[in-house]
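Heads up: the structure comes next, in structure tokens.
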Amino acid sequence: MFKKWNLESGLRKSATLTEKRATAQLGRRSFLKRIGLGGTALLPAAGWLAGENSSQADHGGRDGGLDRGDVAILRFLAAAEILETDLWQQYNELALGNAAFQQGLFALDGDMPSYVNQNTRDEFSHQDFINAYLVSKGQRPVSLEKFRTLPSSQATGANKNAKRLTSLMNLTVDTSWYTRYRSTGNPDFGDSFPQIVNLVNVPAIPNSDLTIGGDDIQVIANTAGFHFATIEQGGSSLYDSFLPKATSAEVVKIIAAIGGTEIQHFEVWQDKAGNAPPVPLDTGARFPALPHAPDQTPNGIDPADPIDTNQIMARPCKFISTRLPLCSVIRPTSTANAGAVAAATGLTQSGLFSGQSKEFFQVLLDLAEDADDARRGF
Ligand SMILES: [Fe+2]
Ligand SMILES: [Fe+2]
């Protein structure tokens with residue numbers, strides 16, 4: 001069985017460990033094909049990363065006081081956090097500085113601009129901390145600055161002349177986390193989940209000044225609200241996928257503690273996304289009405305359906321073995337579904353890196369493969 005892709009959720013289905021090596025090259029080729037680089041000779045990425053020390057990396061398993069696998073995990077996480085920071089910074093400029101976008105976010109929660117600002121702050125701290133930790137262990141920091149080439153929004157509030165690593169202008173947002181976390185299924189058991197909203201090739205930020213209170217900006221704000229959760233649930237799964245792979249107790253602590261805040265972010269955004277209003281308000285033709293639970297009455301019975309917007313706590317699902325009881329957990333956590341290559345592929349397929357260079361994708365994939373290959377104690 002070859003690795004397959006769940007097109008609906010954009011997540012890779014499970015493959016057994018023994019298949020992993022045999023299909024590694026296939027996975028690499030299919031990744032490149034999906035991002036439009038099929039048949040392109042792979043250029044060595046060595047040297048793009050400040051601090052790549054091949055002589056150290058080639059001899060022995062420890063690198064600057066850290067296990068080589070731990071370094072690979074931290075390098076990918078540093079890159080992921082740099083990319084996260086870049087997209088959150090774009091959201092933050094508009095959430096705080098664009099009246100129409102801010103008003104649209106208010107429909108989800110009056111604290112949305114502040115929450116966006118706090119999430120952005122946290123991402124800066126993640127990228128800065130992981131890079132500083134690498135430096136403290138004799139590694140040089142990860143830098144993606146050479147890929148900072150994409151244009152900014154031209155709407156009021158945006159730093160219009162800044163160059164970006166990511167694009168929020170034309171996203172296909174995977175909203176299947178909504179149904180996944182309200183289900184007893186788990187992607188790591190081969191389960192797949194429908195989208196709650198179809199957001200295909202749509203902007204998540206305005207590129208010009210739109211009418212305050214208009215439908216156009218509300219659809220964009222709703223899209224952003226869902227994308228916030230999409231990003232953070234991906235981060236939650238990604239960090240968890242690395243926990244069984246890290247060797248150093250300190251690196252385990254870093255993965256668990258930073259990963260925990262990704263989960264915290266996701267949970268907030270999952271709650272707020274459920275408040276996204278239909279657009280137009282009366283028909284939902286452009287953004288559908290979400291399934292709201294009936295009002296509670298004190299009769300001892302929760303009238304909510306599992307799919308209702310208020311069902312924000314992770315529903316118990318399959319975990320480890322179907323012979324064990326269902327358990328409320330982060331899902332997925334497997335390398336195949338939640339690891340670095342899966343994360344990089346999902347982000348790429350969403351259009352987040354539209355306009356990036358071939359070298360960018362090669363670098364991202366090399367980092368991702370190295371991180372996924374990490375094994376505890378090796
Ligand atoms: Fe983060
Ligand atoms: Fe995050």
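All of these numbers come straight from a predicted model, not from anything done at the bench. Counting starts at 1 for both ligands and their atoms, following the listed order. Just so it is clear, the values below take in all heavy atoms, side chains as well, and ignore hydrogens, waters and symmetry mates.
- Counting only heavy atoms from C-beta outward, the side chains of Ile82 and Thr85 never approach each other to under 4.5 Å.
- Here the protein contributes Glu84 OE2, Glu123 OE2, Glu232 OE1, Glu232 OE2, Glu262 OE1 as N, O or S atoms under 2.8 Å from the Fe ion (ligand 2).
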Under the side chain to side chain donor-acceptor pair (under 3.5 Å) rule, what do Gln89 and Arg164 come out as? Steps first, then yes or no, please.
CA-CA 10 Å; Gln89 174 62 26; Arg164 315 289 184 170; over 6 Å; no
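- Between Glu262 and His126, the side chains place a donor N or O and an acceptor N or O closer than 3.5 Å (distance only, hydrogens not considered).
- Side chains of Asp122 and Gln118: a donor-acceptor N/O pair is absent below 3.5 angstrom, by distance only.
- Ring orientation note: the planes of Tyr91 and Phe101 are close to parallel, at an angle under 30° on the 30°/60° scale.
- Among the candidates Tyr178, Phe228, Tyr181, the single residue satisfying the ring-ring contact (aromatic ring centres under 6.0 Å, His included) test with Phe266 is Tyr181.
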